[in-house]
Amino acid sequence: MQEQSQKILRTKNDELYIIFFDRNTGSIVLRKYEGVRWSRPQIVVCDAEPDFSVSTSSGGDIMIINRDKYGNIILNISSDGKKWENKILFKGRNSNGRCFEKYHVYSTKDSVNIISTEYMPDEKKSKIIFNSFKEGKWNDPYEIDNFVPFSKSPLVITPINPNHVIMYYMIKEGNVISREVMLEPFEIGNTITVLSTTQLLIDISVLMTEKKVHILYTTKGINGSQVVYRNREEQKMEMPKVIWEGQWCDGVISFYVDEVLWMMWRTQNGLLYSYSEDEGISFKRPKKYRGEFCRRPIKAEYVSNFSDKLKCTELYLDSEDSYEILLVPDIYEEFYKKYTPNKVGKVSTEDEIKILKSKLESYESRIKQVDFQPTTPNGKMDEIQLQNILWNKKLEEIANQKEKFMNNKNEFK
């Protein structure tokens, strides 16, 4: 399942960002890819919780929704990834013992729509809630359904367009359904059974192409583990196909590029991969990936509604190096945007000062919204300065990191 504290974002302008939660500073941090290396780390949110959501508006603005340590749900918006504006969407902690888990934001011409999940510990399940902000006010929340969260990510949502999404969630152990939702005007569709298994469901990956919805999942039973594939075309679900069987597997991902459907998963013998050139009708025999691969990979959500060539919802990251995107750049050569040399350079001192001031203004704005007055106002400036000093020090330590784009085609022979 996807980690909730690591995101990869590609914007409408084909700019690439990594956004992640830094546990040392308790902050959400952003870095932009600039040709041969990542930009200086920028702290977007201080005093944050590790789970957050990333999306883009119809105009291409970056939107980050997070929880702070006071329990507030905050929307952070930026047009360039440098200067941020923020607003509290929901104030304070929920008094009914519920915990907000995940937020998906979709903006249309006339409204901002939020699909969120709330975990109810007493019932050991979650609710899917729809909220809409229109004509200057929030409409009454609508409860769509109850479900059992996956192990690391509550549910999976794949957007068809900014006004139409499909949700995938587990109604009970081993039973996953899908449900389509129109956001404006709000309308929910019927449920379709995606998979039903008596074995333990370990992981799932959902990918949508123009023709089909591709579902890849892993299970564990008495006799071992399986990687299973099935697809949906219009309203029809095809029969499941077992791609691989063995002792143990986990961390499955799928992506589609140049009309080839790729899938990869981890086993006790290393990383295996297979691919289909006919939209899932047949698959090549699984092979072992022989390139370099980290010891502790994680699955990070990949957010991009603008690329036609690469269709992907998640990517492998190195858990020990938050900026090391694995495997997909080896196959898809255009993953990293090319920059001319004169566009790559250090951020000027003036820009650093502007960024720091914008962070301070955003932080003080949040303090006012929660009716909290610090006893030492200058202390907030010192905190942000200290965090930026820590990140600049880290940046110096990895200043000579390897160029990300490498030609590793030979590894897939």
Donor + acceptor pair across side chains of S205, E314 (<3.5 Å): yes
Test item: side-chain donor near acceptor, S132 and N113, under 3.5 Å: yes
Pair N66-N76, side-chain donor/acceptor within less than 3.5 Å: yes
Q268 atom CD, neighbour heavy-atom count above 12 within 6.0 Å: yes
Ring-face cation contact, F133 with K87, 6.0 Å cut, 45° max: yes
R179/D145 ion pair, N-O < 4.0 Å: yes
Nearest non-hydrogen partners of Q199 and K220, listed with the distance: CB-O, 3.5 Å
Q247, CD atom: more than 12 neighbouring heavy atoms under 6.0 Å: no
Geometric class of the Y289/F293 ring pair [parallel <30°, tilted 30-60°, perpendicular >60°]: perpendicular
Donor-acceptor under 3.5 Å (K299 side chain, V252 main chain): yes
S78 (side chain) donor-acceptor with D80 (main chain) under 3.5 angstrom: yes
Expected output: side-chain R232 to main-chain E234 donor-acceptor under 3.5 Å: yes
Flag for Y17-R10: side-chain donor and acceptor within less than 3.5 Å: no
I160 and M208, any side-chain heavy atoms less than 4.5 Å apart: yes
Closest contact, heavy atoms only, K172 versus V148: CA-CG2, 4.1 Å
Y316 side chain vs G251 backbone, donor-acceptor pair below 3.5 Å: yes
Geometric class of the Y275/W262 ring pair [parallel <30°, tilted 30-60°, perpendicular >60°]: tilted
Mutual orientation of the aromatic rings belonging to Y256 and H214 [parallel < 30°, tilted 30-60°, perpendicular > 60°]: parallel
Trace of the side chain to side chain donor-acceptor pair (under 3.5 Å) decision for S196 with N175: CA-CA 4 Å; S196 179; N175 288 266; 2.9 Å; yes
Between S39 and E34: side-chain donor-acceptor atoms closer than 3.5 Å: no
N-O pairing of E118 and K127 below 4.0 Å: no
Check: F52 ring centre within less than 6.0 Å of F21 ring centre: no
Contact check, side chains of Y168 and T158, non-hydrogen atoms, under 4.5 Å: yes
Trace of the ring pair (Phe, Tyr, Trp, His ring centres under 6.0 Å) decision for F255 with Y302: CA-CA 11 Å; F255 55 95; Y302 177 66; over 10 Å; no
L89: which of I74, N72, I114 passes side-chain contact (heavy atoms from CB on, under 4.5 Å): I114
Within the 6.0 Å centroid threshold, strictly below: Y217 and Y229: no
For the student: nearest non-hydrogen atoms of M263 and F283, plus distance: CE-CE2, 3.2 Å
I204 and L195, any side-chain heavy atoms less than 4.5 Å apart: yes
Electrostatic pair K32-E15, nearest N-O below 4.0 angstrom: yes
L271 and L327, any side-chain heavy atoms less than 4.5 Å apart: yes
CA sep, side-chain torsions, deciding dist, call: R67, D51, salt bridge (charged side-chain N to carboxylate O under 4.0 Å, His left out): CA-CA 7 Å; R67 291 184 296 129; D51 53 320; 2.7 Å; yes
